[in-house]
Amino acid sequence: MDVREGVTWHDGSKFTPADIVWSLERAAKQETGNPIQFIWSTANNYKVEGNRITGDVVRFEPTFFKWMAFLTGYVLPKDYYTKVGAEGFEKKPIGTGPYMVDAYEGNSYLRLKANPNYFGGKPSFDTVIFKFVPDTTSRVAEIESGSSDVTLEIPYEDFDRLKTKSGLAGVATPISDIGMIFISNVDPMLDKNVRLAASMAIDKDAIIKRLLRGYGNALSTLEAPEYEAYDASVKIPYDPEQAKKLLAASGYSTKKPVKFTIKTTRGFKPKDYEMIQAIVGMWRKVGIEAEIEVYEIAKHYELRAAHKLGPAAFYNWGNAIGDPTTSTGFAMFGPSPHSAWKTKDVDDMLGPLWVEKDESKRIAGWKAAIKYIAEQGYVIPLLQYVQPIVYKSSLKVTPNVSGALQPMLVSKG
């Protein structure tokens with residue numbers, strides 16, 4: 001790795017290769033609590049010669065460099081962090097980016113100021129303020145009243161209304177988030193007919209059209225079109241008549257339905273609860289009687305880690321690095337703490353792919369596994385989300401496919 005010259009930290013000190021090496025070594029230690037420690041620990045023995053860093057591969061990890069551009073791959077200032085410690089750094093963090101932390105009030109706001117020494121040139125604004133407004137109605141009021149310049153993740157009906165209002169503009173772009181239903185390998189989901197019938201009975205296009213006002217793309221796998229292993233040929237059709245036949249083969253019907261519980265969040269993502277309500281209605285028509293159980297997203301994580309999600313559970317999966325390991329991989333590989341379906345057939349297919357060095361073979365292997373998982377009905381993908389962003393028409397906003405709206409993606413129109 002060759003390190004860019006002429007970059008300084010926000011305190012004016014020089015950014016060096018030593019900062020990167022120290023940060024990578026720190027992230028690889030279990031005691032630091034880095035959630036992707038298992039990625040960073042696959043390389044070590046770093047050496048610095050001038051501005052070049054070299055290291056040794058301990059275990060081949062095809063996504064190593066991709067993770068550097070995502071969460072937990074942050075480079076920290078070695079000297080400053082060592083001097084002030086974790087608590088001091090949290091109170092006054094510094095980086096090398098276009099904006100510097102000016103003030104932070106937990107659960108209220110984050111204020112940034114322009115970094116005059118940014119190597120990429122002066123940013124568009126002297127001050128940027130992030131307001132933390134979890135309530136969607138309040139976010140709509142903020143942008144409509146002019147109290148905020150840009151907002152996102154608002155109801156689609158408000159988006160359609162506000163984007164045509166004088167002084168405002170809007171953009172809606174597909175992002176890396178996927179709405180899906182986890183299936184666990186417990187009764188009655190051990191029956192392939194039940195799994196496939198549950199998938200085929202869902203009219204995803206109708207849900208997108210009626211509940212999301214057309215903002216969304218129906219999916220049959222956990223790969224969105226922007227992901228590297230996306231395969232448009234894999235299709236699980238909407239076929240309620242075939243769903244009825246599958247259920248009948250297992251002894252179920254509308255008069256003798258198969259019964260189970262489906263868990264869902266309510267308000268975590270746009271129309272999440274309403275989507276599950278609609279799906280339960282569609283299931284009822286073919287011979288599936290599902291009871292809805294609402295829970296908070298924190299409870300979802302707790303139950304999933306303990307493999308206690310139950311037969312079915314709604315979730316929103318993000319994959320900002322676009323690699324199949326971090327979508328289908330983490331979601332479907334049995335040893336992963338993020339998976340719900342845990343069976344040997346899937347693990348035998350996915351296991352070798354984690355260390356496949358030939359990139360073309362690796363992606364081909366993932367595509368084959370993704371097709372198999374779809375055909376077995378081990379998970380129910382629903383849709384790729386479209387993120388609504390409304391902003392003052394005096395601005396120019398470039399959407400981020402990861403869903404993260406960065407200040408550098410906003411400029412004066």
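Just so it is clear, the structure is predicted and the values come from calculations on it, not from any experiment.
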Is it the case that atom [atom1] in [X] sees more than 12 heavy atoms from other parts of the structure closer than 6.0 Å?
{"X": "Arg52", "atom1": "CZ", "answer": "no"}
{"X": "Lys371", "atom1": "NZ", "answer": "no"}
{"X": "Glu90", "atom1": "CD", "answer": "no"}
{"X": "Glu359", "atom1": "CD", "answer": "yes"}

What's the shortest heavy-atom distance between [X] and [Y], and which atoms?
{"X": "Lys285", "Y": "Lys244", "result": "O-CE, 3.4 Å"}
{"X": "Met275", "Y": "Pro270", "result": "CE-O, 4.0 Å"}
{"X": "Ile53", "Y": "Tyr46", "result": "CG2-CD2, 4.1 Å"}

Scan side-chain atoms only and decide if [X] and [Y] contain a donor-acceptor pair under the 3.5 Å cut-off.
{"X": "Glu61", "Y": "Thr42", "answer": "no"}
{"X": "Tyr315", "Y": "Asp272", "answer": "no"}
{"X": "Thr82", "Y": "Trp22", "answer": "no"}
{"X": "Tyr295", "Y": "Arg266", "answer": "no"}
{"X": "Asn319", "Y": "Thr326", "answer": "yes"}
{"X": "Glu25", "Y": "Asn44", "answer": "no"}

Is there a side-chain contact between Glu302 and Lys308, using heavy atoms and a 4.5 Å cut-off? no
Would you call Glu293 and Ile262 a side-chain contact if the rule is heavy atoms closer than 4.5 Å?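 A side-chain contact is absent here, since even the closest heavy-atom pair is not under 4.5 Å.
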Ion pair present between [X] and [Y], side-chain N to carboxylate O less than 4.0 angstrom?
{"X": "Lys78", "Y": "Asp19", "result": "no"}
{"X": "Asp347", "Y": "Lys342", "result": "no"}
{"X": "Arg362", "Y": "Asp323", "result": "yes"}
{"X": "Arg195", "Y": "Glu375", "result": "no"}
{"X": "Lys113", "Y": "Asp126", "result": "no"}
{"X": "Asp231", "Y": "Lys367", "result": "no"}

Inter-residue atom distance Trp317.CH2 - Ile178.CD1, 0.5 Å rounding: 10.0 Å
Give me the one residue out of Trp354, Trp366, Trp341 that meets ring-ring contact (aromatic ring centres under 6.0 Å, His included) with Phe333.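 Testing Phe333 for a ring-ring contact (aromatic ring centres under 6.0 Å, His included) against Trp354, Trp366, Trp341 leaves exactly one candidate, Trp354.
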Whether Gln376 side chain and Tyr378 backbone form a donor-acceptor pair below 3.5 Å: no
